[in-house]
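Worksheet: one structure, shown below.
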Amino acid sequence: MTVADTIFALSSGQPPAAIGILRISGPAAGQALAALTGNVPKPRVASLSNITDMVNGELLDQALCLWFPGPDSATGEDLAEIHCHGGRAVIRAIEAALEQITGLRKAEPGEFTRRAFTHGKMDLAEAEGLSDLLFAETELQRKAAVRNAGGALSRRVDGWQQRILQLSAQIEAELDFSDEDDVAPAQTALLQNETRALADDMRNVLARPRAEKLRDGIRVVLGGPPNSGKSTLLNALVDREAAIVSDIAGTTRDVIEVPIALGGIPFLFIDTAGVRESGAETIEQIGIERALEQFAAADIILWLGDEGEGPQSDRLVEVASRSDHPQHQPKGEGAFMLSPVSGEGMDALVDFLVTRARDILPDADQVSVNARQADRLTAATDSLAAIIGESDYLIIAEHLRMARKALDEITGTASTEDMLDGLFGKFCIGK
């Protein structure tokens, strides 16, 4: 793969559809458009053209064509779009015609976005936001992804960079020109105060919930002994038969995961094997061990067993799920009394889960960072923290340089090819 190649792909949804959008990007994009239509339209003006096969002159379709000369295009290079009818046969025919043009090839996943990154049309944080936007399924996911794809995090990082550069300039002036009268010496107290304020600003962002929570959903684990009603409650929460319900102890032997949105919030409900200290055969015991692992990774644990018998965790919520059963055992204050069969108490539990989730999830109106970004932001914060109390300007200058480098890695100014391959490889072909 080289940027000098000219690539093409279907950038709209899979056919059949009302319209299909084929995108061509690279130095031969204009040549390819002219070969299919006989001309290149005026830049950024939609033109209705006949799409014909170069070999036999057969009419393939009538389509709107657009021409975006680089560098003022989405990818930063010459780019053409063909808005044709979205039938499978039409798309296949135009793609086959494009393949006949020398120098063109089909794009790899995420290659259009990677070219936009390479040509400075977006930075790495914006590309990660775009990736999240493509996979967004809830309103909260969409809002957060739009912010980062629109550069909210990048602007925050740029502001931090500018403040660090100002501090670096003061230090460099002191190191290089302290003997000249027209350069004021750096004021150590002011410099350290600014460094402390900058580090605190970064820590405030780091203290927020991670962006992955919005993508992966709140992990709600249902736990309890065999036949405590976990699978029945799961089916009621997700409104479908996701788990087998049986009176036979140990029916659920493995972890069952069901993603769903409640109140516009992504959840991952997890049914687990019944936890008991004795009587489990080998396969069931493996399920119990996996259940214990799920408890450790849960954001919320709904415990359906005897009160006080669940895992020791501040994330545990007591649930008595058989309020309509003759042998129902009530629980103490703060527990949820409900019946998945009759629906009694279910609305209260769902309202609680949504409210608790809003406390766990990052605010969609604020900048939040993912694990990779948090790692680099932590490194920048640590470098700034090392300046506090330091008086050697050479050491201070080095810590400031390291902080700038860590922030550069958030936006991709300093990136590795393996990391870029991993990110852009998750995109669809036409992106």
Please determine whether a side-chain nitrogen of the Lys or Arg among [X] and [Y] lies less than 4.0 Å from a carboxylate oxygen of the Asp or Glu.
X      : Y      : answer
Glu409 : Arg376 : yes
Arg92  : Glu95  : no
Arg219 : Asp299 : no
Arg163 : Asp201 : yes
Arg142 : Asp132 : no
Arg372 : Glu128 : yes

Indicate the atoms forming the closest heavy-atom contact of [X] with [Y], along with that distance.
X      : Y      : value
Ile410 : Leu124 : O-CB, 3.8 Å
Phe117 : Thr411 : CE1-O, 4.0 Å
Ser368 : Ala211 : OG-CB, 3.8 Å
Ala29  : Thr6   : N-CG2, 3.8 Å
Met346 : Ala236 : CE-CB, 3.8 Å
Ala107 : Ala9   : CB-CB, 4.0 Å

For Gln294 and Thr272, test the side chains for any donor-to-acceptor distance below 3.5 angstrom and give the result as yes or no.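 No, no side-chain donor-acceptor contact under 3.5 Å.
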
Do Ser168 and Arg404 have side-chain atoms, one donor and one acceptor, less than 3.5 Å apart?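 Yes, Arg404 and Ser168 have a side-chain donor paired with an acceptor closer than 3.5 Å.
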
Is any side-chain heavy atom of [X] closer than 4.5 Å to a side-chain heavy atom of [Y]?
X      : Y      : value
Pro41  : Leu33  : yes
Ile388 : Arg196 : yes
Ser47  : Leu64  : no
Ile260 : Asp239 : no
Pro15  : Leu10  : yes
Leu191 : Ile387 : yes
Leu130 : Met122 : yes
Leu268 : Val258 : no

Between Arg44 and Leu66, is a side chain to side chain contact (heavy atoms under 4.5 Å, CB included) present by the stated rule, with each step listed? CA-CA 6 Å; Arg44 296 170 187 80; Leu66 292 138; 5.9 Å; no

A quick test of your reading: do over 12 heavy atoms of other residues, nucleotides or ligands sit less than 6.0 Å from [atom1] of [X]?
X     : atom1 : answer
His83 : NE2   : yes
Gln31 : CD    : no
Ile19 : CD1   : no

Given 3.5 Å as the limit, does a donor-acceptor pair link the side chain of [X] with the main chain of [Y], or not?
X      : Y      : answer
Ser228 : Pro225 : yes
Glu307 : Gly332 : yes
Asp53  : Val55  : yes
Glu81  : Ser11  : no
Lys331 : Gly308 : no
Ser383 : Ala379 : yes
Arg105 : Asp5   : no
Asp78  : Gly70  : yes
Glu99  : Leu104 : no
His119 : Thr75  : yes

Go through Glu309 and Trp303 one step at a time and tell me if the side chain to side chain contact (heavy atoms under 4.5 Å, CB included) criterion holds. CA-CA 9 Å; Glu309 295 298 319; Trp303 180 253; 4.2 Å; yes

Please report the interatomic distance [atom1]([X]) to [atom2]([Y]), rounded to the nearest 0.5 Å.
X      : Y      : atom1 : atom2 : result
Asp408 : Met402 : CG    : CE    : 13.0 Å
Arg210 : Asp216 : CZ    : CG    : 13.5 Å
Met337 : Leu349 : CE    : CG    : 12.5 Å
Asp123 : Asp158 : CG    : CG    : 9.5 Å
Leu237 : Phe269 : CG    : CZ    : 4.5 Å
Leu377 : Leu206 : CG    : CG    : 4.0 Å

Show your working on salt bridge (charged side-chain N to carboxylate O under 4.0 Å, His left out) between Glu398 and Arg401 and close with a plain yes or no. CA-CA 5 Å; Glu398 177 60 15; Arg401 186 194 66 79; 2.7 Å; yes

Side chain to side chain contact (heavy atoms under 4.5 Å, CB included) for Phe336 and Glu318? Distances and angles first, verdict last. CA-CA 6 Å; Phe336 285 89; Glu318 295 282 359; over 6 Å; no

Pairs meeting criterion ring pair (Phe, Tyr, Trp, His ring centres under 6.0 Å) with involvement of residues 192-237, two or more places apart: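 Counting only pairs at least two positions apart or across chains, no ring pair (Phe, Tyr, Trp, His ring centres under 6.0 Å) contact touches residues 192-237.
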
By the definition side-chain contact (heavy atoms from CB on, under 4.5 Å), identify the one residue from Leu79, Leu98, Ile7 that meets it with Ile24.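 Exactly one option meets the side-chain contact (heavy atoms from CB on, under 4.5 Å) with Ile24, and it is Leu98.
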
Candidate pair Asp271 and Glu257, rule side chain to side chain contact (heavy atoms under 4.5 Å, CB included), full reasoning: CA-CA 7 Å; Asp271 189 15; Glu257 298 184 346; over 6 Å; no

Arg23 charged N/C atom sitting above Phe112 aromatic ring, 6.0 Å / 45°: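 Ring-cation test returns yes.
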
